[in-house]
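See structure below.
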There are 2 protein chains.
Amino acid sequence: MTVERFAAPDAATVARVVGDGLREGAVVSIEAECEVEYDGRSGGYLGPGDRLVVCKPDGTLLVHRPSGHKPVNWMPGGATIKVDPGESDEDAPLLYARRSNPNEFLRVYLQDVYSVSRFDATDAVEYQERGTEAEMHEYIESDPESALEAGIRIVEHERETQYGYLDFFAQDADGTPVVVEVKRRQATLNHFDQLKRYMDLYRESNPEVRGMLVAPSTSDRVKRALRDNDMEFVRLAEFDVETREASETTLTDFS
Amino acid sequence: MTVERFAAPDAATVARVVGDGLREGAVVSIEAECEVEYDGRSGGYLGPGDRLVVCKPDGTLLVHRPSGHKPVNWMPGGATIKVDPGESDEDAPLLYARRSNPNEFLRVYLQDVYSVSRFDATDAVEYQERGTEAEMHEYIESDPESALEAGIRIVEHERETQYGYLDFFAQDADGTPVVVEVKRRQATLNHFDQLKRYMDLYRESNPEVRGMLVAPSTSDRVKRALRDNDMEFVRLAEFDVETREASETTLTDFS
DNA sequence: CTCTTAATATCGGAC
DNA sequence: GTCCGATGTTAAGAG
């Protein structure tokens, strides 16, 4: 690892540090007054102001304002980043990122560069994640009777239908088919829609088929929509974030 | 504007620069070897490695690896960021971000800080965006006959129904009601679902009601779903990104 | 390549 | 505060 930092660099230095850095696999951060232009799926213009610009060797370009989680403008990984120092030292260096599919570009005019930093970062470990929907699927599959209802049996996981993929195809104690859609967070109207799409398909041939939306919680509107369409909401309290967490965070609290 | 940078700072300096900086409205960037722990809506652990950590005064915390558009871990704006220098200079300073609703936290153990930078950024201008769905709505509303079909008339925009908001409620040349759902990008199965949700509602009382999904393009599966449900796809080629852009980017190209 | 779905989605607007 | 829908969503996984 090394970090090399250049304060108030001229255009040629900016171009060199960014160009060499990205080519050699470093992350380059720039603190600068800049102007940004974007065109592609949408389009936009951001007038002059102070921003943090991050360039990654995979082609990622991020322009961050002093507030907000999301960059105001960006280019996802896979883009080509070029830097043009301009014709004279008076010119603002230009960062230009481009990609195809979709065809779009981003231009960052670096009008006043306060600082450029080259970070030769080594980061090889894998991120370990807990609490995905896949985990919830495993939980249901391992013990469907306690997760969903007595007597239920999973017939198929991720079944492909004419209209998309459903999470579980099951059978209840009476042998009636059950379509199960699982959400790890509060289920929304769109999730109800998704389940209904599969239901409409199966009900054509068998009006008895049941539909279950499984989630830690949902809104009243969704519950009514389910009821009106003879479908069911199954609450999986074990996966409710608010409930689950309160206890854990108390133990590990910090002040 | 000012940028102040500290190379290889000790724990006390890290704590001071981050604490003072955030309190006084600056953006603080840290290049460091660190370890990250997250728990909340999901949970995760990221072992030691070199990352760029960005702290914003609104409570945003971002941990960026050397590749990828999205931060590997983060806390959205509104969180409280604290920094603990540890008990001795040997200890790793700890960045701790927390928020409620949902209740979650992020811990960044800064095991080896290569550089800390405080950026007192001034950024007041507004971002100007083009090509939003709202623009597409205006386009349709201003001339529904050329956008959708001859004789059609918009009755209501953003009508609230029992199951949500629909984009346009219209009437065709014969006076038949038309439910219109607009997407500025390629329409997906979920968008079909959304339209169908409204359709089901209106068809109960009037089986003649028509449904239109308006978008620059869509997949065959969506087209079939629409056909099977007696709904229509209206292609708005004017908003097709791939088509529109080819010409523009040629003019403004850069190499 | 496209299509389909998940995501710690985030964000903003309406109520 | 909750709910609802747009987003330049991005990213992963299957075909």
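Values below: every heavy atom of this structure, side chains too, minus hydrogens, waters and symmetry copies. Note that this is a predicted model, so its numbers are computed, not measured.
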Contact pattern, 5' to 3', of nucleotides 8-15 of chain C - B, S or - by protein heavy atom under 4.0 Å: BSSS----
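- Taking atom C1' on both D:dT10 and D:dA6, the two are 15 Å apart, rounded to the nearest angstrom.
- Without hydrogens or angle criteria, A:T161 side chain to A:Y163 main chain gives a donor-acceptor distance under 3.5 Å.
- Rounded to a whole angstrom, the distance from the C1' atom of C:dA6 to that of C:dT10 is 15 Å.
- For A:D123 and B:R51, the salt-bridge test passes: some basic side-chain N is under 4.0 Å from an acidic carboxylate O.
- Side-chain N/O atoms of A:Y198 include none lying less than 4.0 angstrom from OP1 or OP2 on C:dT4.
- In terms of heavy atoms, A:H64 sits closest to A:K70 at CE1-C, 3.9 Å.
- When all heavy atoms of A:E158 and A:Y165 are compared, the pair lying nearest together is O-CD2, 4.1 Å.
- Taking the six-membered ring where the residue is Trp, A:Y139 and A:F239 present perpendicular rings, their angle passing 60° and hence far from 30°.
- Residues from residues 210-217 of chain B that place a heavy atom under 4.0 Å from any atom of DNA chain C: there are none.
- Among the heavy atoms of the strands, none lies under 4.0 Å from A:Y45.
- The two residues A:P48 and A:Q111 have their closest heavy-atom pair at CB-OE1, 4.1 Å.
- Where A:Y163 and A:N101 meet DNA chain C, the nucleotide closest to each residue was compared, and A:N101 sits on the side nearer the 5' end.
- Residue B:E158 is out of contact with every strand shown, counting any heavy-atom pair closer than 4.0 Å.
- Scanning for side-chain contact (heavy atoms from CB on, under 4.5 Å) contacts around A:P177 gives A:F169, A:N206, A:V209, with sequence neighbours left out.
- A salt bridge is defined here as a Lys NZ or Arg NE, NH1 or NH2 lying under 4.0 Å from an Asp or Glu carboxylate O, and A:D167 with A:R159 fails to meet this definition.
- Using a 4.0 Å heavy-atom criterion, one finds that A:F192 contacts no nucleic acid atom at all.
- Between A:Q194 and C:dA6, a side-chain N or O to OP1/OP2 separation shorter than 4.0 Å is present.
- The listed nucleotides are D:dT7, C:dA7, D:dT2; the one nearest the side chain of A:E133 is C:dA7.
- The NE2 atom of B:H191 sits 12 Å away from the P atom of C:dT4 (whole-angstrom rounding).
- Across D:dT7 and C:dA7, the matching C1' atoms stand 13 Å from one another, rounded to whole Å.
- Within the structure, every side-chain polar atom (N or O) of B:R224 is placed at least 4.0 Å from both OP1 and OP2 of C:dC3.
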